[in-house]
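Please read all numbers here as calculations on a predicted model, not as lab measurements. Order of the sequence lines sets the chain letters (A, B, ...), proteins ahead of strands, with each chain counted from 1.
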Protein chains: 2
Amino acid sequence: MSRITRGGLAEEIVAHIRGQILGGELKPGSKIDQEQIALDLDVSRSPIREALVVLGQEGLLDITPRRGAFVARITREDVIDHYELFGLIAGRVAAMAAELLDAEQRKELRAIHVQFQEATDEEGSKLNNEFHQLINSCAPRRTRWLLRHLERSIPAGFFERTPGWKHEAVADHQQIVDAISAKDPDAARRAMETHLHEAGVAAANALEQLGFWKDSE
Amino acid sequence: MSRITRGGLAEEIVAHIRGQILGGELKPGSKIDQEQIALDLDVSRSPIREALVVLGQEGLLDITPRRGAFVARITREDVIDHYELFGLIAGRVAAMAAELLDAEQRKELRAIHVQFQEATDEEGSKLNNEFHQLINSCAPRRTRWLLRHLERSIPAGFFERTPGWKHEAVADHQQIVDAISAKDPDAARRAMETHLHEAGVAAANALEQLGFWKDSE
DNA sequence: AGATTGCATATTGTATACAAAATCCAATGT
DNA sequence: ACATTGGATTTTGTATACAATATGCAATCT
(Lines give C-alpha, C1' and ligand atoms only; values in the text may rest on other atoms or scores of the structure.)
Protein backbone atom coordinates (compact mmCIF):
# COMPACT_ATOMS: atom_id res chain seq x y z
CA MET A 1 0.00 0.00 0.00
CA SER A 2 1.24 3.46 -0.88
CA ARG A 3 1.71 4.97 2.56
CA ILE A 4 1.19 8.60 1.63
CA THR A 5 1.51 9.85 5.18
CA ARG A 6 -1.70 11.80 4.73
CA GLY A 7 -4.90 11.07 6.63
CA GLY A 8 -7.39 9.12 4.65
CA LEU A 9 -6.14 5.59 4.88
CA ALA A 10 -9.70 4.42 5.40
CA GLU A 11 -10.67 5.70 1.98
CA GLU A 12 -7.98 3.66 0.27
CA ILE A 13 -9.00 0.62 2.26
CA VAL A 14 -12.59 1.10 1.15
CA ALA A 15 -11.42 1.09 -2.46
CA HIS A 16 -9.28 -1.97 -1.84
CA ILE A 17 -12.00 -4.05 -0.23
CA ARG A 18 -14.57 -2.87 -2.73
CA GLY A 19 -12.28 -4.04 -5.48
CA GLN A 20 -11.84 -7.41 -3.81
CA ILE A 21 -15.60 -7.84 -3.50
CA LEU A 22 -16.55 -6.72 -6.98
CA GLY A 23 -13.65 -8.60 -8.47
CA GLY A 24 -14.88 -11.81 -6.91
CA GLU A 25 -11.89 -12.36 -4.61
CA LEU A 26 -14.16 -11.97 -1.61
CA LYS A 27 -17.17 -14.17 -2.19
CA PRO A 28 -20.71 -13.16 -1.23
CA GLY A 29 -21.54 -14.50 2.19
CA SER A 30 -17.93 -14.86 3.25
CA LYS A 31 -16.66 -13.26 6.40
CA ILE A 32 -14.31 -10.30 6.39
CA ASP A 33 -11.24 -11.05 8.47
CA GLN A 34 -10.07 -7.74 9.89
CA GLU A 35 -6.77 -9.19 11.03
CA GLN A 36 -6.11 -10.65 7.61
CA ILE A 37 -6.71 -7.35 5.86
CA ALA A 38 -4.57 -5.59 8.44
CA LEU A 39 -1.81 -8.04 7.58
CA ASP A 40 -2.32 -7.72 3.82
CA LEU A 41 -2.22 -3.93 3.80
CA ASP A 42 0.13 -3.53 6.74
CA VAL A 43 -2.13 -1.20 8.68
CA SER A 44 -3.88 -1.50 12.00
CA ARG A 45 -7.51 -2.46 12.44
CA SER A 46 -8.59 1.10 13.29
CA PRO A 47 -8.82 2.48 9.75
CA ILE A 48 -10.06 -0.88 8.54
CA ARG A 49 -13.03 -0.80 10.86
CA GLU A 50 -13.95 2.67 9.61
CA ALA A 51 -13.74 1.39 6.05
CA LEU A 52 -16.06 -1.49 6.94
CA VAL A 53 -18.62 0.96 8.27
CA VAL A 54 -18.61 2.80 4.95
CA LEU A 55 -19.03 -0.39 2.96
CA GLY A 56 -21.78 -1.44 5.32
CA GLN A 57 -23.62 1.80 4.67
CA GLU A 58 -23.15 1.28 0.94
CA GLY A 59 -24.78 -2.11 1.21
CA LEU A 60 -21.77 -4.11 0.11
CA LEU A 61 -21.35 -5.60 3.58
CA ASP A 62 -23.77 -6.89 6.18
CA ILE A 63 -22.46 -5.99 9.59
CA THR A 64 -23.69 -7.69 12.75
CA PRO A 65 -22.31 -6.49 16.07
CA ARG A 66 -20.04 -9.01 17.74
CA ARG A 67 -20.34 -11.34 14.77
CA GLY A 68 -18.47 -9.48 12.12
CA ALA A 69 -18.83 -8.14 8.59
CA PHE A 70 -19.98 -10.40 5.78
CA VAL A 71 -19.98 -9.78 2.06
CA ALA A 72 -23.55 -8.99 1.05
CA ARG A 73 -25.27 -11.48 -1.21
CA ILE A 74 -25.95 -9.06 -4.04
CA THR A 75 -28.02 -10.70 -6.73
CA ARG A 76 -28.37 -9.85 -10.38
CA GLU A 77 -31.83 -8.52 -9.56
CA ASP A 78 -30.27 -6.18 -7.01
CA VAL A 79 -27.95 -4.72 -9.62
CA ILE A 80 -30.73 -4.27 -12.16
CA ASP A 81 -32.96 -2.74 -9.51
CA HIS A 82 -30.16 -0.46 -8.42
CA TYR A 83 -29.71 0.97 -11.89
CA GLU A 84 -33.46 1.25 -12.29
CA LEU A 85 -33.54 3.51 -9.25
CA PHE A 86 -30.52 5.34 -10.58
CA GLY A 87 -32.41 5.85 -13.82
CA LEU A 88 -35.48 7.12 -12.05
CA ILE A 89 -33.50 9.88 -10.35
CA ALA A 90 -31.24 10.64 -13.29
CA GLY A 91 -34.28 10.70 -15.55
CA ARG A 92 -35.93 13.33 -13.44
CA VAL A 93 -32.76 15.38 -13.55
CA ALA A 94 -32.53 15.02 -17.32
CA ALA A 95 -36.05 16.35 -17.57
CA MET A 96 -35.01 19.31 -15.45
CA ALA A 97 -31.99 19.83 -17.67
CA ALA A 98 -34.19 19.98 -20.75
CA GLU A 99 -36.02 22.88 -19.14
CA LEU A 100 -33.21 24.65 -17.33
CA LEU A 101 -30.03 24.41 -19.40
CA ASP A 102 -29.46 27.61 -21.35
CA ALA A 103 -28.33 27.81 -24.99
CA GLU A 104 -24.69 28.06 -23.99
CA GLN A 105 -24.83 24.92 -21.88
CA ARG A 106 -26.76 22.95 -24.46
CA LYS A 107 -24.08 23.85 -26.96
CA GLU A 108 -21.38 22.63 -24.61
CA LEU A 109 -23.29 19.41 -24.08
CA ARG A 110 -23.35 18.80 -27.80
CA ALA A 111 -19.63 19.58 -27.99
CA ILE A 112 -18.86 17.02 -25.29
CA HIS A 113 -21.00 14.50 -27.08
CA VAL A 114 -19.13 15.01 -30.36
CA GLN A 115 -15.81 14.54 -28.59
CA PHE A 116 -17.22 11.45 -26.92
CA GLN A 117 -18.15 9.93 -30.25
CA GLU A 118 -14.62 10.27 -31.54
CA ALA A 119 -12.80 9.38 -28.35
CA THR A 120 -10.96 6.19 -27.53
CA ASP A 121 -12.29 3.93 -24.82
CA GLU A 122 -9.75 5.42 -22.44
CA GLU A 123 -10.77 9.06 -22.83
CA GLY A 124 -14.37 8.03 -23.21
CA SER A 125 -14.65 7.44 -19.50
CA LYS A 126 -13.67 11.00 -18.70
CA LEU A 127 -15.96 12.52 -21.31
CA ASN A 128 -18.78 10.29 -20.18
CA ASN A 129 -18.37 11.80 -16.73
CA GLU A 130 -18.36 15.34 -18.07
CA PHE A 131 -21.49 14.62 -20.05
CA HIS A 132 -23.48 13.43 -17.07
CA GLN A 133 -21.90 16.01 -14.82
CA LEU A 134 -23.15 18.84 -16.97
CA ILE A 135 -26.66 17.46 -17.05
CA ASN A 136 -26.68 16.92 -13.30
CA SER A 137 -25.36 20.40 -12.62
CA CYS A 138 -28.87 21.80 -12.63
CA ALA A 139 -30.19 19.36 -10.06
CA PRO A 140 -30.74 20.51 -6.49
CA ARG A 141 -28.03 19.74 -3.96
CA ARG A 142 -29.59 16.76 -2.27
CA THR A 143 -30.34 15.12 -5.58
CA ARG A 144 -26.73 15.46 -6.67
CA TRP A 145 -25.72 13.98 -3.34
CA LEU A 146 -27.94 10.95 -3.87
CA LEU A 147 -26.70 10.44 -7.41
CA ARG A 148 -23.13 10.41 -6.15
CA HIS A 149 -24.02 7.74 -3.63
CA LEU A 150 -25.88 5.61 -6.13
CA GLU A 151 -22.95 5.72 -8.48
CA ARG A 152 -20.50 4.77 -5.77
CA SER A 153 -22.25 1.91 -4.06
CA ILE A 154 -22.10 -0.16 -7.23
CA PRO A 155 -19.31 1.70 -8.91
CA ALA A 156 -20.04 3.34 -12.16
CA GLY A 157 -17.36 3.09 -14.76
CA PHE A 158 -17.75 -0.58 -14.14
CA PHE A 159 -19.58 -1.54 -17.26
CA GLU A 160 -16.88 0.34 -19.12
CA ARG A 161 -15.08 -2.99 -19.17
CA THR A 162 -17.83 -4.36 -21.35
CA PRO A 163 -16.62 -4.55 -24.92
CA GLY A 164 -18.58 -2.21 -27.14
CA TRP A 165 -20.01 -0.21 -24.27
CA LYS A 166 -19.09 3.04 -25.90
CA HIS A 167 -21.00 2.21 -29.04
CA GLU A 168 -24.21 1.69 -27.12
CA ALA A 169 -23.50 4.69 -24.92
CA VAL A 170 -23.07 6.95 -27.93
CA ALA A 171 -26.45 5.91 -29.27
CA ASP A 172 -28.10 6.54 -25.89
CA HIS A 173 -26.36 9.86 -25.44
CA GLN A 174 -27.53 10.94 -28.87
CA GLN A 175 -31.12 10.47 -27.80
CA ILE A 176 -30.48 12.44 -24.64
CA VAL A 177 -28.73 15.28 -26.44
CA ASP A 178 -31.53 15.49 -28.98
CA ALA A 179 -34.22 15.60 -26.33
CA ILE A 180 -32.45 18.26 -24.30
CA SER A 181 -31.68 20.30 -27.42
CA ALA A 182 -35.36 20.14 -28.32
CA LYS A 183 -36.26 21.16 -24.76
CA ASP A 184 -38.41 18.07 -24.46
CA PRO A 185 -38.35 17.09 -20.77
CA ASP A 186 -40.33 13.91 -21.15
CA ALA A 187 -38.22 12.56 -23.98
CA ALA A 188 -35.11 13.44 -22.00
CA ARG A 189 -36.37 11.47 -19.03
CA ARG A 190 -37.24 8.44 -21.12
CA ALA A 191 -33.89 8.52 -22.90
CA MET A 192 -31.99 8.76 -19.62
CA GLU A 193 -34.00 5.94 -18.06
CA THR A 194 -33.27 3.75 -21.05
CA HIS A 195 -29.60 4.65 -20.85
CA LEU A 196 -29.31 3.71 -17.18
CA HIS A 197 -31.29 0.54 -17.70
CA GLU A 198 -28.82 -0.59 -20.33
CA ALA A 199 -25.95 0.44 -18.10
CA GLY A 200 -27.43 -1.81 -15.43
CA VAL A 201 -27.54 -4.81 -17.71
CA ALA A 202 -23.98 -4.07 -18.79
CA ALA A 203 -22.84 -3.74 -15.18
CA ALA A 204 -24.45 -7.03 -14.23
CA ASN A 205 -22.74 -8.73 -17.15
CA ALA A 206 -19.42 -7.16 -16.23
CA LEU A 207 -19.78 -8.45 -12.67
CA GLU A 208 -20.64 -11.88 -13.97
CA GLN A 209 -17.54 -11.90 -16.15
CA LEU A 210 -15.37 -10.82 -13.24
CA GLY A 211 -16.49 -13.92 -11.41
CA PHE A 212 -18.65 -12.12 -8.90
CA TRP A 213 -21.29 -14.82 -8.92
CA LYS A 214 -19.01 -17.82 -9.23
CA ASP A 215 -19.91 -20.36 -6.53
CA SER A 216 -21.50 -18.01 -4.05
CA GLU A 217 -21.26 -20.63 -1.27
CA MET B 1 -25.33 6.27 28.75
CA SER B 2 -26.90 2.89 29.34
CA ARG B 3 -23.86 0.63 29.12
CA ILE B 4 -25.63 -2.50 27.91
CA THR B 5 -22.45 -4.53 27.70
CA ARG B 6 -23.35 -5.59 24.17
CA GLY B 7 -21.46 -4.45 21.11
CA GLY B 8 -23.12 -1.65 19.27
CA LEU B 9 -22.10 1.44 21.16
CA ALA B 10 -21.56 3.21 17.87
CA GLU B 11 -25.20 2.83 16.97
CA GLU B 12 -26.32 4.55 20.15
CA ILE B 13 -23.81 7.30 19.57
CA VAL B 14 -25.17 7.81 16.05
CA ALA B 15 -28.64 8.26 17.52
CA HIS B 16 -27.31 10.64 20.15
CA ILE B 17 -25.44 12.90 17.76
CA ARG B 18 -28.24 12.80 15.22
CA GLY B 19 -30.59 13.96 17.93
CA GLN B 20 -28.25 16.78 18.87
CA ILE B 21 -28.04 17.93 15.27
CA LEU B 22 -31.72 17.72 14.39
CA GLY B 23 -32.65 19.20 17.75
CA GLY B 24 -30.53 22.23 17.05
CA GLU B 25 -28.03 21.69 19.86
CA LEU B 26 -25.27 21.21 17.32
CA LYS B 27 -25.53 24.07 14.87
CA PRO B 28 -24.96 23.64 11.12
CA GLY B 29 -21.38 24.46 10.28
CA SER B 30 -20.10 23.84 13.78
CA LYS B 31 -17.28 21.42 14.40
CA ILE B 32 -17.78 18.09 16.11
CA ASP B 33 -15.44 17.79 19.06
CA GLN B 34 -14.68 14.10 19.45
CA GLU B 35 -13.09 14.59 22.85
CA GLN B 36 -16.10 16.49 24.09
CA ILE B 37 -18.53 13.78 23.03
CA ALA B 38 -16.25 11.16 24.54
CA LEU B 39 -16.46 13.08 27.79
CA ASP B 40 -20.22 13.61 27.58
CA LEU B 41 -21.02 9.96 26.93
CA ASP B 42 -18.10 8.52 28.88
CA VAL B 43 -16.80 6.39 26.04
CA SER B 44 -13.58 6.41 24.09
CA ARG B 45 -13.14 7.99 20.70
CA SER B 46 -13.09 4.65 18.87
CA PRO B 47 -16.84 4.06 18.69
CA ILE B 48 -17.39 7.77 18.26
CA ARG B 49 -15.30 7.85 15.11
CA GLU B 50 -17.27 4.97 13.67
CA ALA B 51 -20.48 6.82 14.44
CA LEU B 52 -19.14 9.90 12.67
CA VAL B 53 -18.48 7.84 9.56
CA VAL B 54 -22.10 6.70 9.53
CA LEU B 55 -23.40 10.24 9.91
CA GLY B 56 -21.01 11.36 7.22
CA GLN B 57 -22.41 8.79 4.84
CA GLU B 58 -25.92 9.91 5.73
CA GLY B 59 -25.04 13.43 4.77
CA LEU B 60 -25.56 14.94 8.20
CA LEU B 61 -21.85 15.61 8.59
CA ASP B 62 -19.15 16.86 6.25
CA ILE B 63 -15.93 15.05 7.03
CA THR B 64 -12.57 16.31 5.83
CA PRO B 65 -9.50 14.21 6.62
CA ARG B 66 -7.20 15.85 9.15
CA ARG B 67 -9.66 18.71 9.60
CA GLY B 68 -12.54 17.07 11.32
CA ALA B 69 -16.29 16.55 11.08
CA PHE B 70 -18.63 19.49 10.66
CA VAL B 71 -22.39 19.62 10.89
CA ALA B 72 -23.70 19.82 7.33
CA ARG B 73 -25.45 23.01 6.34
CA ILE B 74 -28.75 21.40 5.43
CA THR B 75 -31.12 23.94 3.96
CA ARG B 76 -34.87 23.94 3.73
CA GLU B 77 -34.46 23.23 0.03
CA ASP B 78 -32.41 20.16 0.89
CA VAL B 79 -35.18 18.79 3.06
CA ILE B 80 -37.85 19.45 0.45
CA ASP B 81 -35.66 17.93 -2.24
CA HIS B 82 -34.97 14.94 -0.05
CA TYR B 83 -38.63 14.16 0.38
CA GLU B 84 -39.23 14.76 -3.29
CA LEU B 85 -36.74 12.01 -4.07
CA PHE B 86 -38.30 9.88 -1.38
CA GLY B 87 -41.64 10.45 -3.08
CA LEU B 88 -40.28 9.52 -6.47
CA ILE B 89 -39.13 6.12 -5.21
CA ALA B 90 -42.09 5.52 -2.93
CA GLY B 91 -44.41 6.54 -5.74
CA ARG B 92 -42.93 3.95 -8.05
CA VAL B 93 -43.39 1.34 -5.34
CA ALA B 94 -46.98 2.39 -4.76
CA ALA B 95 -47.63 1.90 -8.45
CA MET B 96 -46.16 -1.58 -8.20
CA ALA B 97 -48.32 -2.25 -5.16
CA ALA B 98 -51.42 -1.32 -7.11
CA GLU B 99 -50.54 -4.03 -9.59
CA LEU B 100 -49.05 -6.68 -7.33
CA LEU B 101 -50.91 -6.71 -4.01
CA ASP B 102 -53.50 -9.49 -3.94
CA ALA B 103 -57.05 -9.20 -2.61
CA GLU B 104 -56.00 -10.39 0.83
CA GLN B 105 -53.27 -7.79 1.14
CA ARG B 106 -55.44 -4.98 -0.15
CA LYS B 107 -57.98 -5.91 2.47
CA GLU B 108 -55.35 -5.77 5.20
CA LEU B 109 -54.21 -2.39 3.91
CA ARG B 110 -57.73 -1.05 4.27
CA ALA B 111 -57.94 -2.53 7.75
CA ILE B 112 -54.74 -0.79 8.81
CA HIS B 113 -56.04 2.43 7.35
CA VAL B 114 -59.29 2.20 9.33
CA GLN B 115 -57.34 1.62 12.52
CA PHE B 116 -55.11 4.53 11.64
CA GLN B 117 -58.07 6.85 11.26
CA GLU B 118 -59.29 6.06 14.75
CA ALA B 119 -55.92 5.87 16.46
CA THR B 120 -54.39 8.39 18.82
CA ASP B 121 -51.30 10.28 17.74
CA GLU B 122 -49.22 7.84 19.77
CA GLU B 123 -50.41 4.66 18.08
CA GLY B 124 -50.66 6.47 14.79
CA SER B 125 -46.92 6.37 14.35
CA LYS B 126 -46.87 2.58 14.57
CA LEU B 127 -49.82 2.13 12.22
CA ASN B 128 -48.32 4.62 9.81
CA ASN B 129 -45.26 2.41 9.67
CA GLU B 130 -47.33 -0.72 9.10
CA PHE B 131 -49.19 1.02 6.32
CA HIS B 132 -46.09 1.97 4.39
CA GLN B 133 -44.40 -1.29 5.26
CA LEU B 134 -47.15 -3.29 3.64
CA ILE B 135 -47.04 -1.23 0.48
CA ASN B 136 -43.27 -1.45 0.30
CA SER B 137 -43.30 -5.20 0.84
CA CYS B 138 -43.71 -5.79 -2.87
CA ALA B 139 -40.72 -3.69 -3.86
CA PRO B 140 -37.48 -5.40 -4.89
CA ARG B 141 -34.77 -5.74 -2.29
CA ARG B 142 -32.53 -2.88 -3.36
CA THR B 143 -35.46 -0.50 -3.51
CA ARG B 144 -36.49 -1.36 0.03
CA TRP B 145 -32.88 -0.83 1.06
CA LEU B 146 -32.83 2.64 -0.47
CA LEU B 147 -36.14 3.57 1.12
CA ARG B 148 -34.79 2.61 4.53
CA HIS B 149 -31.78 4.84 3.97
CA LEU B 150 -33.84 7.77 2.78
CA GLU B 151 -36.06 7.51 5.80
CA ARG B 152 -33.12 7.37 8.17
CA SER B 153 -30.92 10.15 6.90
CA ILE B 154 -33.58 12.69 7.70
CA PRO B 155 -35.51 10.65 10.18
CA ALA B 156 -39.06 9.88 9.36
CA GLY B 157 -41.49 10.10 12.21
CA PHE B 158 -40.10 13.56 12.57
CA PHE B 159 -42.97 15.51 11.17
CA GLU B 160 -45.13 13.53 13.57
CA ARG B 161 -44.43 16.32 16.00
CA THR B 162 -46.34 18.68 13.76
CA PRO B 163 -49.81 19.31 15.24
CA GLY B 164 -52.50 17.93 13.02
CA TRP B 165 -50.16 15.75 11.01
CA LYS B 166 -52.42 12.76 11.39
CA HIS B 167 -55.38 14.57 9.92
CA GLU B 168 -53.48 15.36 6.74
CA ALA B 169 -51.94 11.91 6.67
CA VAL B 170 -55.34 10.25 6.88
CA ALA B 171 -56.54 12.20 3.87
CA ASP B 172 -53.44 11.28 1.88
CA HIS B 173 -53.64 7.64 2.90
CA GLN B 174 -57.25 7.55 1.81
CA GLN B 175 -56.22 8.55 -1.70
CA ILE B 176 -53.52 5.89 -1.71
CA VAL B 177 -55.82 3.17 -0.42
CA ASP B 178 -58.45 4.05 -2.99
CA ALA B 179 -55.97 3.98 -5.85
CA ILE B 180 -54.49 0.66 -4.80
CA SER B 181 -57.94 -0.82 -4.21
CA ALA B 182 -58.91 0.29 -7.71
CA LYS B 183 -55.67 -1.22 -9.06
CA ASP B 184 -54.79 2.14 -10.57
CA PRO B 185 -50.98 2.34 -10.60
CA ASP B 186 -50.75 5.87 -11.88
CA ALA B 187 -53.18 7.27 -9.34
CA ALA B 188 -51.29 5.39 -6.63
CA ARG B 189 -48.03 6.95 -7.69
CA ARG B 190 -49.48 10.44 -7.78
CA ALA B 191 -51.12 10.01 -4.39
CA MET B 192 -47.90 8.73 -2.83
CA GLU B 193 -45.85 11.54 -4.34
CA THR B 194 -48.27 14.08 -2.96
CA HIS B 195 -48.15 12.42 0.42
CA LEU B 196 -44.39 12.52 0.62
CA HIS B 197 -44.27 16.08 -0.64
CA GLU B 198 -46.53 17.15 2.20
CA ALA B 199 -44.47 15.12 4.63
CA GLY B 200 -41.43 17.04 3.43
CA VAL B 201 -43.03 20.39 4.10
CA ALA B 202 -44.12 19.15 7.51
CA ALA B 203 -40.63 17.86 8.28
CA ALA B 204 -39.06 21.17 7.29
CA ASN B 205 -41.49 23.00 9.53
CA ALA B 206 -40.82 20.62 12.38
CA LEU B 207 -37.09 21.22 12.02
CA GLU B 208 -37.67 24.94 11.97
CA GLN B 209 -39.67 24.72 15.17
CA LEU B 210 -36.98 22.66 16.85
CA GLY B 211 -34.57 25.51 16.23
CA PHE B 212 -32.59 23.75 13.57
CA TRP B 213 -32.09 26.90 11.53
CA LYS B 214 -31.69 29.34 14.41
CA ASP B 215 -28.46 31.32 13.92
CA SER B 216 -26.59 28.87 11.75
CA GLU B 217 -22.98 29.26 12.90
C1' DA C 1 -23.73 -42.59 16.23
C1' DG C 2 -25.38 -38.17 17.27
C1' DA C 3 -26.24 -34.42 20.31
C1' DT C 4 -24.50 -31.59 24.25
C1' DT C 5 -21.61 -29.40 27.43
C1' DG C 6 -17.43 -27.14 28.77
C1' DC C 7 -13.16 -25.25 27.86
C1' DA C 8 -9.40 -23.32 24.82
C1' DT C 9 -8.87 -20.18 21.05
C1' DA C 10 -9.91 -16.58 17.96
C1' DT C 11 -12.13 -12.33 16.96
C1' DT C 12 -14.62 -8.43 18.01
C1' DG C 13 -15.43 -3.97 20.47
C1' DT C 14 -13.55 -0.45 23.26
C1' DA C 15 -9.94 1.96 25.56
C1' DT C 16 -5.51 3.93 25.66
C1' DA C 17 -1.03 5.50 23.66
C1' DC C 18 1.56 7.88 20.45
C1' DA C 19 2.95 10.40 16.05
C1' DA C 20 1.71 13.83 12.71
C1' DA C 21 -0.74 17.51 11.22
C1' DA C 22 -3.62 21.57 11.91
C1' DT C 23 -4.79 25.47 14.79
C1' DC C 24 -3.85 29.19 17.83
C1' DC C 25 -1.32 33.01 19.60
C1' DA C 26 2.18 35.91 20.56
C1' DA C 27 6.36 38.04 18.96
C1' DT C 28 8.47 40.25 15.15
C1' DG C 29 8.87 42.99 11.21
C1' DT C 30 7.02 46.29 7.72
C1' DA D 1 -2.11 49.05 12.52
C1' DC D 2 -1.58 44.93 9.88
C1' DA D 3 0.52 40.92 8.01
C1' DT D 4 3.86 37.16 8.92
C1' DT D 5 6.42 33.75 11.13
C1' DG D 6 7.59 30.48 14.65
C1' DG D 7 6.65 27.62 18.14
C1' DA D 8 3.32 25.82 21.81
C1' DT D 9 -1.11 23.56 22.02
C1' DT D 10 -4.92 21.00 20.39
C1' DT D 11 -6.88 17.56 17.69
C1' DT D 12 -6.80 14.17 14.42
C1' DG D 13 -5.34 9.55 12.59
C1' DT D 14 -3.27 5.22 13.44
C1' DA D 15 -1.36 1.73 16.29
C1' DT D 16 -1.44 -1.09 20.23
C1' DA D 17 -3.53 -3.14 24.46
C1' DC D 18 -7.08 -5.25 26.88
C1' DA D 19 -11.77 -7.06 28.06
C1' DA D 20 -15.82 -9.46 26.54
C1' DT D 21 -18.09 -12.33 23.46
C1' DA D 22 -18.36 -15.69 19.90
C1' DT D 23 -16.42 -19.81 17.68
C1' DG D 24 -14.51 -24.36 17.35
C1' DC D 25 -13.37 -28.72 19.15
C1' DA D 26 -12.93 -32.40 22.15
C1' DA D 27 -14.80 -35.05 25.93
C1' DT D 28 -19.05 -36.68 27.71
C1' DC D 29 -23.70 -38.33 27.86
C1' DT D 30 -28.01 -40.45 25.85
| query | Which residue, B:Asp33 or A:Ser44, contacts DNA chain D at a nucleotide closer to its 5' end, judged by nearest heavy atom? | reply | B:Asp33
| query | Quick one: A:Arg45 CZ to C:dT16 P, roughly how many Å, whole number? | reply | 16 Å
| request: Using whole Å, report how far CD of A:Gln36 lies from P of C:dA10. | output: 14 Å
| request: Please examine the side chains of A:His113 and A:Val170, heavy atoms only from C-beta on, and report whether any two atoms are closer than 4.5 Å. | output: yes
| said: Base, sugar-phosphate or nothing for A:Arg67? Non-hydrogen atoms, less than 4.0 Å. | reply: sugar-phosphate
| Taking for each residue the nucleotide of DNA chain C with the nearest heavy atom, is it B:Pro65 or A:Gly68 whose nucleotide lies nearer the 5' end? | A:Gly68
| Should the ring pair B:His173 and B:Phe131 be called parallel, tilted or perpendicular, given that the plane angle runs from 0 to 90° and is split at 30 and 60? | parallel
| Could you give the CZ-to-P distance, from A:Arg49 to D:dG13, as a whole number of Å? | 17 Å
| Short side-chain N/O contact to D:dT12 OP1/OP2 from B:Lys31, under 4.0 Å | yes
| task | Nearest whole angstrom, please: distance from the P of C:dT11 to the CG of A:Leu52. | result | 15 Å
| said: As a test of reading the structure: which of D:dA22, D:dG13, C:dA15 is closest to the side chain of A:Arg66, going by heavy atoms? | reply: D:dA22
| Taking the side chain of B:Leu9 as heavy atoms from C-beta outward, which of C:dG13, D:dT14, C:dT14 is closest to it? | C:dT14
| request: Just say parallel, tilted or perpendicular for the rings of B:Trp145 and B:His149, cut-offs at 30° and 60°. | output: tilted
| note | When rounded to whole Å, the CG to C1' distance for the pair A:Asp62 and C:dT12 reads 17 Å
| task | Measure the distance from CD1 on B:Ile37 to P on C:dA15 and round it to the nearest whole Å. | result | 14 Å
| query | Want to settle it: does A:Ser46 or A:Gln34 sit nearer the 5' end of DNA chain C, counting the closest nucleotide to each? | reply | A:Gln34
| query | Rounded to whole angstroms, how far apart are CD on A:Glu35 and P on C:dT9? | reply | 17 Å
| message | From CG of B:Leu39 over to P of C:dA15, roughly how many Å is that when rounded to an integer? | response | 12 Å
| field | Pairwise side-chain contact, A:Leu60 with A:Val54, heavy-atom cut-off 4.5 Å (strictly under) | value | no
| query | Hey, mind stepping through B:His197 and B:Tyr83 against ring pair (Phe, Tyr, Trp, His ring centres under 6.0 Å) and telling me if it holds? | reply | CA-CA 6 Å; B:His197 175 78; B:Tyr83 275 85; 9.6 Å; no
| task | Indicate, with a heavy-atom threshold strictly under 4.0 Å, whether A:Ile32 touches base, sugar-phosphate, or nothing. | result | sugar-phosphate
